[in-house]
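First up is the structure itself, then whatever we jot down about it.
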Amino acid sequence: MADMIATRDAYGKALVELGAEKDNIVVLDADLAAATKTGMFKKAYPDRFFDCGIAENNMMGVAVGLSLTGKIPFASTFAMFAAGRSFDQVRNSIGYPHANVKIGATHGGITVGEDGATHQCNEDFALMRTIPGMTVMCAADAVEARLMVKAAAEMEGPVYMRFGRMAVPTLFDDDYKFEIGRGVRLVEGDDVSIIANGVEVSEALQAAEMLKAEGINASVVNMATIKPIDRELVIEEAKRCGCIVTCEEHSVIGGLGGAVAEVVCETVPVPVLRLGVEDCFGRSGPAKELLSLFGLDAKAICAKAKEAVALKK
Amino acid sequence: MEQNRIAELKEIARQIRVGIIEAVYSAKSGHPGGSLSMADILTYMYYEEMNVDPANPADPKRDRFVLSKGHCSPVLYSTLAHKGFFPVEDLKTFRKSDSYLQGHPDLKKVPGVDMSSGSLGQGLSVACGMALSAKLDKADNRVYAVLGDGESEEGQIWEAAMFAAHYNLDNLCAILDWNGLQIDGPVAEVIGPAPFDTKFEAFGWNVVMADAHDFDSIEAAFANAKSTKGKPTIIIAKSIKGKGVSFMENNVAWHGAAPNAEQYEIAINDLKA
């Protein structure tokens, strides 16, 4: 059994590592340091941690001011408040001036669990993706989350990163190569391409095993960067497999599924079935149970993959 | 302040006001009222108060300025142009599709603009971040932000007010343009955010009242801000919207409208030396 670690934990640890490497790393939070795991940085570097209180909009602006004066700020809160409440601040104060602000949004998607719909952000990829120049990413496991944070600090410009609350299996080993804007094919297959990110990657890997037992060879791609999307890889998958299933812990509207469909329908029009949260709000419940309830588990991916294969010409 | 220097600053402010009218008239749109009300304050800031150098607009040691009420870009552009950041002639390109002088300030395009602004309520937070950054660096540069009285109806202003006081940002000075008018009418009638003094005091700020059109009063207010330690300062600057142009003064119709040819002539005549 693989190690079970939430990507938010890896985020907190990576910030501490970064803090040691660069003195211009500063971290902001909005009264959620214990939950977002920025508390680890606060403990290690109290002089470079600033709690903004429950005032996310101000936090985004403060981050901009810090970024324009030579700091690399990581601003953290739940995805709902980072992408939702502060959309205007992120668009106008961060996106428009292309400020070097890194948003570490935790508690994305329905695996927030028991807190329910108000805290389950299924819209952040879609919202953030519409902002010109914004890099949008979601980590599949702790290894990837750590590398993503490091890569975000190295690049110039605004970044939105989503991390999860729920512990997920560690999928990658220490030689895993992460590059912003590049998807990674984890399983080779020609019958159907399953393009996933975040918690859905481990579900997709299980689904591929199940499909194999039924004689369907599925390709599995981890598409951690939603924007800029890896067009070449999407086109390659569409050409080779002839059908695609996208899987994300996000609304089927406008997220990874939208980004993949946009590329495919303009280049290699093949069936793209989007698996995600249907056009509805989340609900309370244990995280793992919600994944099944909302049709995001390996079994649901299998069914969707078969539907996609049946649609192939 | 010496009478000679006051006369010089008045002449600069007059030219800046002419630049505002030229820009808005050329664009056939823009916000002259709240630009004219801040012309004397910006004149003082750029010619007396702030450490900025048009030859080195990106100097990391410079003081920073955030025009939180970004729609009043004409007063910022005209001040920057007269100070030498870019040609005064370019003010006539304001709001044109091939111009770098966008309707609202864009830091990527305009030399001397420290922050893009326009969506109200956001600039004070950015100024807080800049001031905090200077504290972290133990640098002695200062940060300034101009807010609108109507803009202060935005909740984020008060989030930033809380933050600045909590982190003792005494290197931050906000200026509130209290001209009393916003698009829908008198500020007091729209929603009534006043009193500003006791509100900011309650949030932990040093509050200074000033006459936005009297250089002695302006000088005293900025000196007070600079000498105040441990807390941020807000200068509540009582101003006249449209100041200097007879038909625009205290008239809400000129919040966001451009003069026609006839009105332009009157305005330029009003602003004659």
Side-chain angles (χ1 to χ4, degrees), chain A residues 19 22-31 41 45-75 77 81 85-103 131-133 156-158, chain B residues 58-66 68 70 102 104-110 113-139 141-145 154-169 171-172 203:
Chain A
K22 297 174 191 280
D23 3 325
N24 61 345
I25 298 284
V26 293
V27 175
L28 306 172
D29 208 302
D31 194 42
F41 185 93
Y45 303 100
D47 296 345
R48 287 189 271 151
F49 175 87
F50 303 96
D51 206 318
C52 298
I54 310 167
E56 298 80 9
N57 297 343
N58 179 59
M59 175 175 74
M60 295 303 176
V62 169
V64 174
L66 286 159
S67 79
L68 294 175
T69 46
K71 309 294 180 291
I72 305 176
F74 281 75
T77 179
F81 314 127
R85 179 191 294 265
S86 297
F87 178 77
D88 182 10
Q89 284 72 18
V90 175
R91 181 195 184 273
N92 283 311
S93 284
I94 297 176
Y96 185 46
H98 203 66
N100 194 29
V101 171
K102 318 301 171 185
I103 301 170
I131 298 173
E156 182 69 27
Chain B
D59 181 358
K61 295 197 192 81
R62 74 191 186 279
D63 289 338
R64 302 302 203 282
F65 176 67
V66 178
S68 195
Q102 295 291 296
H104 293 80
D106 180 349
L107 71 81
K108 298 200 302 300
K109 295 198 171 86
V110 188
V113 168
D114 290 326
M115 177 57 196
S116 306
S117 56
S119 181
L120 292 177
Q122 301 187 16
L124 187 58
S125 301
V126 178
C128 284
M130 292 170 167
L132 183 64
S133 195
K135 290 269 178 197
L136 273 171
D137 294 340
K138 298 188 168 46
N141 61 309
R142 293 178 59 78
V143 182
Y144 301 85
E154 289 280 5
Q156 191 181 342
I157 292 291
W158 303 97
E159 293 183 4
M162 219 180 326
F163 183 93
H166 182 79
Y167 287 103
N168 307 315
L169 302 179
N171 52 350
L172 171 68
F203 273 75

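Values below: all heavy atoms of this structure, side chains included; hydrogens, waters and symmetry mates excluded.
Note that CD of B:Glu159 and CD of A:Glu56 are 7.0 Å apart. Values are rounded to the nearest 0.5 Å. To the nearest 0.5 Å, atom CG of residue A:Leu68 and atom CG of residue B:Leu107 are 6.0 Å apart. We find the CZ-OG distance between A:Arg91 and B:Ser119 to be 8.5 Å, quoted to the nearest 0.5 Å. For the atom pair B:Gln156 CD and A:Met60 CE, the distance stands at 10.5 Å (nearest 0.5 Å).
Using a 4.5 Å cut-off between heavy atoms, B:Gln102 contacts chain A through its side chain alone, with no backbone atom that close. Interface residue B:Ala160: backbone and side-chain heavy atoms are both found under 4.5 Å from chain A. Contact of B:Asp114 with chain A is made through the backbone alone, with heavy-atom distances under 4.5 Å.
Environment of CZ in A:Arg85: sparse, with no more than 12 heavy atoms of neighbouring residues, nucleotides or ligands closer than 6.0 Å. Counted within 6.0 Å of NZ on B:Lys61, heavy atoms from surrounding residues, nucleotides or ligands total 12 or fewer; the atom is thus considered open.
For B:Gln122 against A:Ser93, the heavy-atom pair with the smallest separation is OE1-OG, 2.6 Å. Nearest approach of B:Ser116 to A:Tyr96, heavy atoms of both residues: CB-CD2, 3.8 Å. Between B:Gly129 and A:Thr69, the closest heavy-atom pair is O-OG1, 4.5 Å.
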Donor-acceptor contacts under 3.5 Å from residues 161-168 of chain B side chains, at least two apart:
| unit_1 | atom_1 | unit_2 | atom_2 | d |
| --- | --- | --- | --- | --- |
| B:Tyr167 | OH | A:Asp51 | N | 3.0 |
| B:Tyr167 | OH | A:Asp51 | O | 2.8 |

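The candidate with the highest count of non-hydrogen atom pairs below 4.5 Å against chain A, out of B:Leu124, B:Leu136, B:Leu132, is B:Leu132.
Remark: A:Lys71 engages B:Asp137 in a salt bridge (Lys or Arg N to Asp or Glu O under 4.0 Å) (not counting sequence neighbours).
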